[in-house]
**Q** 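First the structure, then my questions, so here it is.
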Number of protein chains: 4
Amino acid sequence: MKSINGGNFHKEVFERISDDKREKIFESAMHEFAKEGYVAANINTIASKAGISIGAMYTYFPSKENLFLAIAERGVAIYQEILADLVGRAGFFETVERLFHLTIEYAKEHTDLSRLYLELSTEQLGNLSVRLSEKMEIDFREFYTELLAAAKEKGEIRSDVDIGFAAKMLDDLVISLQFSYSVSYYNERMQQYVGEDHSEAQMVQNLVDLVHRYLAPETMPA
Amino acid sequence: MKSINGGNFHKEVFERISDDKREKIFESAMHEFAKEGYVAANINTIASKAGISIGAMYTYFPSKENLFLAIAERGVAIYQEILADLVGRAGFFETVERLFHLTIEYAKEHTDLSRLYLELSTEQLGNLSVRLSEKMEIDFREFYTELLAAAKEKGEIRSDVDIGFAAKMLDDLVISLQFSYSVSYYNERMQQYVGEDHSEAQMVQNLVDLVHRYLAPETMPA
Amino acid sequence: MKSINGGNFHKEVFERISDDKREKIFESAMHEFAKEGYVAANINTIASKAGISIGAMYTYFPSKENLFLAIAERGVAIYQEILADLVGRAGFFETVERLFHLTIEYAKEHTDLSRLYLELSTEQLGNLSVRLSEKMEIDFREFYTELLAAAKEKGEIRSDVDIGFAAKMLDDLVISLQFSYSVSYYNERMQQYVGEDHSEAQMVQNLVDLVHRYLAPETMPA
Amino acid sequence: MKSINGGNFHKEVFERISDDKREKIFESAMHEFAKEGYVAANINTIASKAGISIGAMYTYFPSKENLFLAIAERGVAIYQEILADLVGRAGFFETVERLFHLTIEYAKEHTDLSRLYLELSTEQLGNLSVRLSEKMEIDFREFYTELLAAAKEKGEIRSDVDIGFAAKMLDDLVISLQFSYSVSYYNERMQQYVGEDHSEAQMVQNLVDLVHRYLAPETMPA
DNA sequence: TATGAATGAGCCTTCATTCAT
DNA sequence: GATGAATGAAGGCTCATTCAT
């Protein structure tokens, strides 16, 4: 239940309702926000689809904004669980490969959340996302940075690599991959680039290849 | 004036007004849409900031949707002009380098348009972007694909490269770069990855390096 | 409360509010529609005159069109109740006489509803009236037709009468009478034809006389 | 050109333009007003369909209201020509028969004008119609009244007839007939009363029969 | 005179939020 | 705590009318 707390965007009562109800609310809200965008999303619709009254909605969350933030926060929490799964488990390139695989899985399984993240990066939601990112983005950055630092240490990657840039690049690849498998626009775009029959496995392979060529030590320890 | 036509999202009258007025309207609309997003953008505000009446607005554009599309289309047109400048001018990596430079320039000079593009990729605006892309002539995809094909032909890049994937990767890099220099959220993110004192030149250099390591021919022909 | 249902042009909530409030809304809407016509009628005005917010108005009715239809339907329902009172009560000519009397009464008491009917027959509102008539159960036509058929059977009227035409004529007389006592234009017209001091009783007498002369059996059975 | 003057609802310039242009304007306005009703009718549409600018429209007519009145007035003028054709031409019942025939003809040929008349009798246009009716209704009333008076004088109809009421009845019949052949709503209604295969000739015959039974002298001058 | 772009008040409808029950 | 009816500000769009050219 840790994921429920955090930014504390909800009211206390929300922690006391049944898990089922809470889940329904998250589900409903996620879907509406992902589909309609923050502004066009309708709180009344969210409530009724979640099977609760708007009155109840407002006893759980003080405002539309907070509901949105709670949802977004939860999305990141889910993704962070994936990251947690990756830490210190295997070699750098294997970890990267798993990262890409899990990203696709996440994108497909949590489409709404993934779309939400795009929505979140949008300018108008900047104010909102600041409140979020302050608390969460850091984790990702740390993950990538530490992953690279460790790999560098271990000699798995080039010693002259710019870790800051490389971390950003990894994140970029992950984000792009995520959207490619969850957001209609980017999905369409991907298909037009690589063709409809391009498998996920190939996609991951290509990405790993890219990372490898970029980061592998110059001289293969012959 | 070519950029004004295209998808023909405006009414005829709009072509007959002074360049100055037209520019003001574009400016005002761009800004509002980029700042507020499509749904929250207020046509009345756009009109009044452009110094015209809403009535006038509606003699120029049949609807909010069309105004938005006209704006978006214009953004693409501007970027396409930049790309046009790059075609067949120099070697592959030099072209790529210039591409990154120009992208940053575009992102900084046409911040609003750049942000609009993010907005456009959003799920809710899918219908709109379809209307847009249906009407766009040359595509970015073609540009990247041809650039790579030519380079491959000339032996500037590896012969075994997957052009489809490579093109997507180039596009990804460009998009990410663009947002990093125009969208607050991504800009903040970039700074936290590479530090505030990371110059544009370094960014470009890093990117070119990435592309080079990924695409350069196996140098050891020995 | 039967009159409230029917075409179901309102939302459920509307059935749950107090009779008083409901009546006020009907009253206000009727008046506005009758006075201004469908297009010019202002929903905001209707709401505020009914003492409710526009928001409330829209929780009761999904649209202006439906509000109008609900009102119109109610008008018909009221008139139908009057007709119901007439069925099989007395001889043909007595019934007709009562019909005329009741029509005048209705026109004077429910002026707005009566005016609405004129509005409804108007070309632009054709679509609406279709939606209305589709849902109406018993029809005036049936009433007139059966009344005449029964009278013919009983020998109260000529046996060679064209029932279809006679029914239409009766309806025409009733409609004209109704408008003459509710719509300013037709009222003025009536007065100029028969004079201001022409009483309702005389009017009815004249009408009955007309019907009698037209439909009475050839009295000379000799 | 008498019909152009009258209520003088137009500006002077209107009298100086070509008959063709004038006719087009009338046509266009009539159609729009008849189809959409006064309020919903769009002056800009009328102008453009008439092939003139709105600017021109406003140099011909000072306002929408006046345009409407001019149109309505013209409609009556046309109908009055028909009446003129009937005066003192034949016996009462023959005249009546011709009146019905001409009414149907008028309704079918000048559908728009006929519909306009319905629109005009509507409550909200009461203010407008007053300006009209003062000048014109009289003619109709006089026509019917004199027709009946003459017939009474000549012994063609009952001597004890109430001329005021009879005149109104004749007018009612004519109006109802007119609408039955021009207004969708009333046309549909007619067909449901008398059947689709009821010919115009039968309709007229039925009407003449009605009038005859009502007004013919009691004792046929054997 | 003719033109048609410009004006802006006005209208229907939505929806976040409140609050009496 | 839960309910859901009520609120009313706000926004996209129309159209009669004006007026500079």
Side-chain angles (χ1 to χ4, degrees), chain A residues 11-14 16-17 21 36 39-48 52-67, chain B residues 11-14 16-18 21 36 39-48 51-67, chain C residues 11-14 16-18 21 36 39-48 51-65 67, chain D residues 11-14 16-17 21 36 39-48 52-68:
Chain A
K11 293 187 186 172
E12 277 194 34
V13 213
F14 186 60
R16 267 172 263 145
I17 63 177
K21 203 184 219 176
E36 305 293 342
V39 185
N42 185 330
I43 291 229
N44 288 263
T45 301
I46 292 174
S48 86
I52 63 168
S53 67
I54 341 116
M57 192 85 258
Y58 273 86
T59 67
Y60 302 151
F61 298 92
S63 66
K64 186 185 188 178
E65 181 174 327
N66 276 51
L67 171 59
Chain B
K11 293 189 188 171
E12 277 196 31
V13 211
F14 188 61
R16 267 174 265 138
I17 64 178
S18 75
K21 203 186 222 175
E36 304 293 342
V39 183
N42 184 330
I43 291 233
N44 289 264
T45 302
I46 294 175
S48 85
I52 63 170
S53 65
I54 344 114
M57 191 84 257
Y58 277 88
T59 69
Y60 301 150
F61 297 92
S63 65
K64 185 184 187 180
E65 179 173 327
N66 275 49
L67 172 59
Chain C
K11 293 188 187 171
E12 277 194 30
V13 212
F14 187 60
R16 267 175 266 138
I17 63 178
S18 73
K21 204 186 221 174
E36 304 293 341
V39 183
N42 184 329
I43 291 233
N44 289 265
T45 302
I46 293 175
S48 83
I52 63 170
S53 66
I54 344 112
M57 191 85 256
Y58 276 87
T59 69
Y60 302 149
F61 298 92
S63 65
K64 185 185 186 179
E65 179 174 326
L67 172 58
Chain D
K11 293 187 185 171
E12 277 194 33
V13 213
F14 187 59
R16 266 172 266 145
I17 65 177
K21 204 183 218 175
E36 306 292 342
V39 184
N42 185 330
I43 291 229
N44 288 263
T45 302
I46 292 173
S48 87
I52 64 167
S53 66
I54 341 115
M57 191 86 255
Y58 274 85
T59 66
Y60 303 151
F61 298 92
S63 67
K64 187 184 188 179
E65 180 174 328
N66 277 50
L67 173 59
F68 180 77

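In the text below, chain A, chain B and the rest are named by the order of the sequence lines, each starting its count at 1. Keep in mind that this is a model prediction, so the values were computed, not measured.
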**Q** Rounded to whole angstrom units, what separation is found between the CZ atom of D:Phe14 and the P atom of E:dT1?
**A**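 Nearest whole value for this atom pair: 14 Å.
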**Q** Phosphate oxygens OP1/OP2 of F:dA2: is one of them under 4.0 Å from a side-chain N or O of A:Thr59?
**A**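 Indeed, a polar side-chain atom of A:Thr59 lies that close.
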**Q** With a 4.0 Å limit, can you tell me whether D:Asn42 has a side-chain N or O closer than that to the phosphate oxygens OP1/OP2 of F:dA16?
**A**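 Yes, within the criterion.
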**Q** Tell me whether the OP1 or OP2 atom of F:dG1 has a side-chain N or O from A:Lys21 closer than 4.0 Å.
**A**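 No.
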**Q** Does the B:Lys64 side chain pair with the main chain of B:Val39, one donor and one acceptor, at a distance under 3.5 Å?
**A**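 Between the backbone of B:Val39 and the side chain of B:Lys64 there is a qualifying donor-acceptor contact (under 3.5 Å).
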**Q** Does C:Ala41 reach a base, just sugar-phosphate, or nothing at all? Heavy atoms under 4.0 Å.
**A**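 Touches sugar-phosphate only.
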**Q** Between P on F:dA10 and CD on B:Glu36, what's the gap in Å once rounded to a whole number?
**A**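 Whole-Å distance recorded here is 14 Å.
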**Q** Provide, to the nearest angstrom, the distance between the CZ atom belonging to B:Arg16 and the P atom belonging to F:dT21.
**A**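 Between P of F:dT21 and CZ of B:Arg16: 17 Å.
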**Q** Please report the interatomic distance CD(D:Glu36) to CG(D:Asn42), rounded to the nearest 0.5 Å.
**A**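 Result: 9.0 Å between the selected atoms.
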**Q** Separation of A:Glu65 atom CD from E:dA16 atom C1', in whole Å?
**A**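 The answer, rounded to whole Å, is 13 Å.
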**Q** Base, sugar-phosphate, or nothing for B:Ile43, non-hydrogen atoms under 4.0 angstrom?
**A**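 Sugar-phosphate, backbone atoms only, no base.
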**Q** Working to the nearest 0.5 angstrom, can you tell me the gap between D:Ile52 CD1 and D:Tyr58 OH?
**A**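 Interatomic distance, D:Ile52 CD1 to D:Tyr58 OH, rounded to 0.5 Å: 11.0 Å.
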**Q** At 4.0 Å (heavy atoms only), tell me whether C:Ala40 reaches a base, stays on the sugar-phosphate, or touches nothing.
**A**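 No contact at all - C:Ala40 keeps every heavy atom at 4.0 Å or more from the nucleic acid.
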**Q** Figure out the CD1/P separation between A:Ile46 and E:dA16, and round it to whole Å.
**A**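 Result: 8 Å.
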**Q** If you compare every side-chain N and O of A:Ser53 against the phosphate oxygens of F:dT3 (OP1, OP2), does one of them come in below 4.0 Å?
**A**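 It does, given that an N or O in the side chain of A:Ser53 lies less than 4.0 Å from OP1 or OP2 of F:dT3.
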**Q** Rounding to an integer number of Å, can you tell me how far A:Phe61 CZ sits from E:dT17 P?
**A**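 Nearest whole value for this atom pair: 13 Å.
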**Q** In dot-bracket notation, what is the pairing pattern of DNA chain F, taking Watson-Crick (N1-N3 plus N6-O4 or O6-N4) and G-U wobble (N1-O2 and O6-N3) contacts under 3.5 Å, with [ ] crossing and | for other strands?
**A** .||||||||||||||||||||
**Q** Identify the heavy atoms of B:Ile46 and B:Met57 that sit nearest to each other, and give their distance.
**A**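 Nearest pair, atom of B:Ile46 first, then B:Met57: CG2-SD, 4.2 Å.
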**Q** Taking any heavy-atom pair under 4.0 Å as a contact, classify C:Tyr60: base, sugar-phosphate, or nothing.
**A**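 The answer is sugar-phosphate, as C:Tyr60 gets under 4.0 Å only of primed atoms, P, OP1 or OP2.
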**Q** D:Thr45 near the nucleic acid: base, sugar-phosphate alone, or nothing, with a heavy-atom cut-off under 4.0 Å?
**A**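 The residue D:Thr45 makes no contact with any strand.
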**Q** To the nearest 0.5 Å, what is the distance between CD1 on A:Ile54 and OG1 on A:Thr59?
**A**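 If we round to the nearest 0.5 Å, A:Ile54:CD1 and A:Thr59:OG1 are 11.5 Å apart.
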**Q** To the nearest angstrom, how far is D:Phe68 atom CZ from F:dA16 atom P?
**A**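 Value for this atom pair: 13 Å.
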**Q** Tell me which of A:Tyr58 and C:Val39 sits closer to the 5' end of DNA chain E, going by the nucleotide each one is nearest to.
**A**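 Final value for this comparison: C:Val39.
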**Q** Taking only N and O in the side chain of C:Asn44, is any of them less than 4.0 Å away from OP1 or OP2 of E:dG10?
**A**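 For E:dG10, neither OP1 nor OP2 has a side-chain N or O of C:Asn44 closer than 4.0 Å.
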**Q** Quick one: which of F:dG1, E:dT7, F:dC13 gets closest to the side chain of B:Ile54?
**A**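 Of all the options, the side chain of B:Ile54 is nearest to F:dC13.
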**Q** Have a look at C:Lys11 and say if it touches a base, only the backbone sugar-phosphate, or nothing, with a 4.0 Å heavy-atom cut-off.
**A**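 Touches nothing.
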**Q** Can you tell me which nucleotide in F:dC13, F:dT17, F:dT7 comes closest to the side chain of C:Ala56?
**A**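 Of the candidates, F:dT7 comes closest.
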**Q** Mind checking the CZ-CD1 spacing from C:Phe61 to C:Ile43? Nearest 0.5 Å is all I need.
**A**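 Those atoms lie 9.5 Å apart.
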**Q** Expressed in angstrom and rounded to an integer, what is the separation of B:Leu67 atom CG from F:dC13 atom C1'?
**A**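 Atom CG in B:Leu67 sits about 13 Å away from atom C1' in F:dC13.
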